[in-house]
Amino acid sequence: MELDALSGVLESAVFGVPHPDFGEGVTAVVVPQPSTALSEADLINSLQARLARYKVPKRVLLVDELPRNAMGKVQKNVLRAAYASLYARVI
């Protein structure tokens, strides 16, 4: 995965959540390596040079850890539920 190949990224997960304009917005959560300063803008800029525009996440969120099941697999359904309203329009 291109995101995991970036400097300072320990692990990541990419998933889609509802987006009012695009139907679904590509979203990423990143666990940074210890004592590494990462920013959402820097990660997105790095990905723009490596990926087609439609594949670049709309948002990259930094987290301490990814939710996992008993087998150690990342629970993307939990991430989708947690960030379901991320792109909701404010009226």
Side-chain angles (χ1 to χ4, degrees):
M1 178 186 296
E2 291 294 324
L3 198 51
D4 288 341
L6 297 177
S7 178
V9 174
L10 181 61
E11 62 180 345
S12 65
V14 179
F15 53 95
V17 293
H19 191 289
D21 296 324
F22 305 112
E24 194 169 72
V26 177
T27 306
V29 290
V30 169
V31 177
Q33 290 179 348
S35 59
T36 301
L38 294 177
S39 75
E40 178 180 25
D42 290 341
L43 291 169
I44 289 174
N45 287 337
S46 295
L47 290 173
Q48 287 174 339
R50 303 174 123 193
L51 297 172
R53 187 173 182 182
Y54 73 94
K55 292 183 178 183
V56 175
K58 303 267 180 249
R59 296 287 312 270
V60 176
L61 308 163
L62 302 173
V63 296
D64 293 331
E65 63 182 6
L66 298 175
R68 296 185 184 277
N69 64 17
M71 298 297 292
K73 184 174 179 179
V74 174
Q75 295 179 301
K76 289 188 179 182
N77 61 323
V78 172
L79 292 169
R80 282 186 200 97
Y83 297 108
S85 63
L86 183 64
Y87 302 110
R89 289 191 177 170
V90 178
I91 299 175

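Source: prediction; values computed, not measured. Residue indices begin at 1 and follow the sequence shown. Side chains included, hydrogens not; waters and symmetry mates left out as well; all remaining heavy atoms used.
In the hydrophobic clustering of ILVMFWY residues, with side-chain heavy atoms under 4.5 Å counting as a link, Val14 and Ile44 come out together. Val78 and Val63 are assigned to two separate hydrophobic clusters, defined by single-linkage of ILVMFWY side chains at heavy-atom distances under 4.5 Å. No continuous path of hydrophobic side-chain contacts links Tyr83 to Val30 [ILVMFWY only; heavy atoms under 4.5 Å]. Cluster annotation: Val56 and Leu38 are assigned to the same hydrophobic cluster (Ile/Leu/Val/Met/Phe/Trp/Tyr, side-chain heavy-atom contacts under 4.5 Å, transitive). Hydrophobic clustering (ILVMFWY, side-chain heavy atoms < 4.5 Å, transitive): Leu86 and Val31 are in one cluster.
Looking at residues two or more places apart in sequence or on another chain, you find a side chain to side chain contact (heavy atoms under 4.5 Å, CB included) between Pro57 and Val26, Ala28, Leu47, Val60. Among residues two or more places apart in sequence or in another chain, the salt bridge (charged side-chain N to carboxylate O under 4.0 Å, His left out) test is passed with Asp21 by Arg89.
Within the structure, the side chain to side chain donor-acceptor pair (under 3.5 Å) test picks out the following pairs touching residues 66-77 (sequence neighbours left out): Glu11-Arg68. Listed by first and then second residue, the salt bridge (charged side-chain N to carboxylate O under 4.0 Å, His left out) pairs involving residues 78-88 amount to none (not counting sequence neighbours). Every pair passing side chain to side chain donor-acceptor pair (under 3.5 Å) that includes a residue from residues 23-42 is listed here, sequence neighbours excluded: Thr27-Tyr87, Ser39-Asp42, Glu40-Arg59.
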Taking distance alone, no hydrogens or angles, what donor-acceptor pairs closer than 3.5 Å link side-chain atoms of residues 1-10 to residues at least two apart or in another chain?
unit_1: Glu2; atom_1: OE1; unit_2: Arg50; atom_2: NH1; d: 3.4
unit_1: Asp4; atom_1: OD1; unit_2: Ser12; atom_2: N; d: 3.1
unit_1: Asp4; atom_1: OD1; unit_2: Ser12; atom_2: OG; d: 2.6

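Cluster note: Met71 groups with no other residue, as no ILVMFWY side-chain heavy atom lies under 4.5 Å from it.
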